[in-house]
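To find a chain, count down the sequence lines: A is the first, B the second, and so on, and within it residues start at 1. This structure is a prediction, so every number in the text was calculated from the model and none was measured.
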Amino acid sequence: MLEIQKIRENKDFIINRLNEVRKIDLSDTVNKIYKLDEQKRETQQKLDSSQAQLNLLSSQIGGLFKNGKIEEANSLKIQTALIKDQIKQTKEVYSKLESSIDELFCLIPNVPNELVPSGISENDNEIVSSSEINKDDFKSFVPHWDLCQKYNLIDFELGVKISGAGFPVYKGKGARLQRALINFFLNEASEIGYQELLVPHLVNEKSGFGTGQLPDKEGQMYHTEKDNLYLIPTAEVPITNIYRDVMVNINDFPIKHVGYTPCFRREAGSYGKDVRGLNRLHQFDKVEVVQITHPEKSYETLNEMVKYVESLLEKLELPYRKLKLCGGDLGFTSALTFDLEVYSPGQDRWLEVSSVSNFETFQSNRLKLRFKDGKKTKLAHTLNGSALALPRIMASLLEINQDEKGISIPKILIPFTGFDRIEN
RNA sequence: GGAGAGUUGGCAGAGUGGUCGAAUGCGGUGGUCUUGAAAACCAUUGUGCAGCAAUGUACCGGGGGUUCGAAUCCCUCACUCUCCGCCA
């Protein structure tokens with residue numbers, strides 16, 4: 001959620017940025033907030049002075065009672081009735097204004113950073129760098145779902161039986177390879193100072209709101225009605241919410257966490273080749289890195305995180321490309337996002353395996369995640385990135401390392417898998 | 001699932017109708033002492049909102065009520081803890 005101060009000071013700038021970069025017109029909403037905020041402040045001044053009057057009278061009455069001047073006290077009491085009525089009315093106006101403002105605020109996404117290219121859809125994303133792909137090398141390569149069946153690594157049908165489409169069952173070396181990847185990712189992150197966390201997979205409503213999934217993406221999360229809990233769509237939610245309502249010590253920056261969790265997404269409305277095999281699942285595994293930083297350091301941190309994710313892909317020897325998301329494809333809560341995509345030779349397409357974002361104060365404003373900078377209390381910056389999402393890594397890895405007889409495991413993973421080949 | 005207890009400032013913990021935004025301790029910050037550190041001592045130290053400021057106002061889990069006046073009384077919801085039951 002944007003801060004109200006930003007709208008007070010830079011209303012037109014915000015409208016223009018959203019318009020130019022995200023290609024959405026929120027001028028009505030922003031202007032409305034601006035006006036309502038003015039009204040709210042006026043109302044508050046009125047309310048405050050009424051309260052002050054009442055407080056004064058009350059203490060006078062108290063004094064009179066103490067001195068036994070009951071009659072005088074009673075006559076003052078009569079005066080309070082009018083003020084109390086006024087306060088009640090003003091309060092109502094005030095809280096109505098407040099809730100209208102809050103509602104409108106939930107409609108406004110983060111303001112894109114100046115580096116974000118303008119654009120409407122994923123087609124307008126900027127390709128920052130890319131591995132060379134020689135398609136001739138992959139002419140006979142088959143997609144991962146064929147490999148999974150051939151070598152009995154992942155059973156999609158079985159998942160349909162016990163849960164539904166999008167819930168695959170990993171088997172034997174398939175399951176082992178998955179576990180190896182998780183361990184590899186966790187180890188790598190730990191080694192460069194991310195503290196490992198194992199967090200709940202169900203979260204409450206407050207947490208969903210804190211990181212911005214609610215109310216924006218309500219329909220994308222699984223919800224347990226009886227207990228009013230949400231299955232996490234990413235580890236970002238529980239991990240970042242650890243710092244909800246927390247005053248961080250400035251010396252603790254940067255705060256770095258890594259966590260592995262399964263992720264649950266309803267993915268309503270997806271279909272076709274997008275959901276084939278491991279391309280898009282309702283449940284998948286992901287290792288996530290989260291950082292909380294001083295506002296002045298957050299973009300430095302973002303670059304560092306992107307580089308880290310790239311280093312993982314390089315160690316796995318997977319061809320990948322780096323995208324800078326355009327305004328239209330940028331997440332609701334993000335100010336700047338880089339996506340990493342790996343190449344899938346069996347499908348001849350790029351698959352998103354990581355999204356690294358700086359949310360600036362958008363989340364921390366909701367979370368009330370702050371720190372003391374000298375005497376001033378300021379909002380921290382939050383960032384996170386997938387490092388990495390497993391299924392598409394698995395897809396690319398199986399496809400790219402295939403040969404006629406089987407699949408070779410990348411060198412770096414062999415200590416984790418305990419085998420270097422998958423064959424029948 | 002049944003019974004009971006609780007929720008107060010960064011933390012611990014007092015306060016049961018009127019200078020209580022809140023004692024006290026710990027922690028934090030500044031200082032004295034010291035070659036330096038520790039200890040000790042002194043001072044200072046909650047957050048939001050409005051305001052250029054002085055200041056005002058709100059906040060003792062959330063919401064509502066009683067009262068001239070509520071951390072304190074009443075209702076309600078949420079959460080936490082303890083015991084019993086069930087159980088990986």
Counting side-chain heavy atoms from CB outward, which of [options] is closest to [X]?
| X | options | answer |
| --- | --- | --- |
| A/Arg370 | B/C49, B/G69, B/G48 | B/G48 |
| A/Ala52 | B/C49, B/U57, B/C68 | B/U57 |
| A/Gln45 | B/G69, B/A50, B/C49 | B/A50 |
| A/Arg41 | B/U57, B/U67, B/A50 | B/A50 |

[N]: pairing nucleotide in any strand, Watson-Crick or G-U under 3.5 angstrom:
| N | answer |
| --- | --- |
| B/U35 | none |
| B/G46 | B/C59 |
| B/A5 | B/U80 |

A/Asp37 bridged to A/Arg8 by N-O distance under 4.0 Å | yes
Under 3.5 Å, is there a donor-acceptor pair linking the side chains of A/Gln53 and A/Gln79?
-> no
Without hydrogens or angle criteria, can the side chains of A/Asn279 and A/Gln347 be said to hold a donor-acceptor pair below 3.5 Å?
-> yes
Pairwise C1' distance, B/G4 and B/G63 [rounded to whole Å] =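 Pairwise C1' distance, B/G63 against B/G4, rounds to 25 Å.
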For B/U72 and B/G61, measure between their P atoms and round to the nearest Å.
->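 B/U72 and B/G61 have their P atoms separated by 8 Å.
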Pick base, sugar-phosphate or nothing for A/Asn74, based on heavy-atom distances below 4.0 Å to the nucleic acid.
-> nothing
Just call it for A/Gln44: base, sugar-phosphate, or nothing, with non-hydrogen atoms closer than 4.0 Å on any strand.
->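 A/Gln44: base contact, heavy atoms under 4.0 Å.
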Calculate the interatomic distance between [X] atom [atom1] and [N] atom [atom2]; express it in whole Å.
| X | N | atom1 | atom2 | value |
| --- | --- | --- | --- | --- |
| A/Glu98 | B/U57 | CD | C1' | 14 Å |
| A/Lys88 | B/G65 | NZ | P | 6 Å |
| A/Lys206 | B/G62 | NZ | P | 9 Å |

Six-ring centre of A/Tyr194, A/Lys256 cation under 6.0 angstrom, axis tolerance 45° |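 Yes, a cation-pi geometry holds between A/Lys256 and A/Tyr194.
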Assert yes or no for the condition that the ring centre distance of A/His201 to A/Phe264 is strictly below 6.0 Å.
->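 So the answer is no for these two rings.
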Think A/Arg8 has a side-chain N or O under 4.0 angstrom from the OP1 or OP2 of B/A50?
-> yes
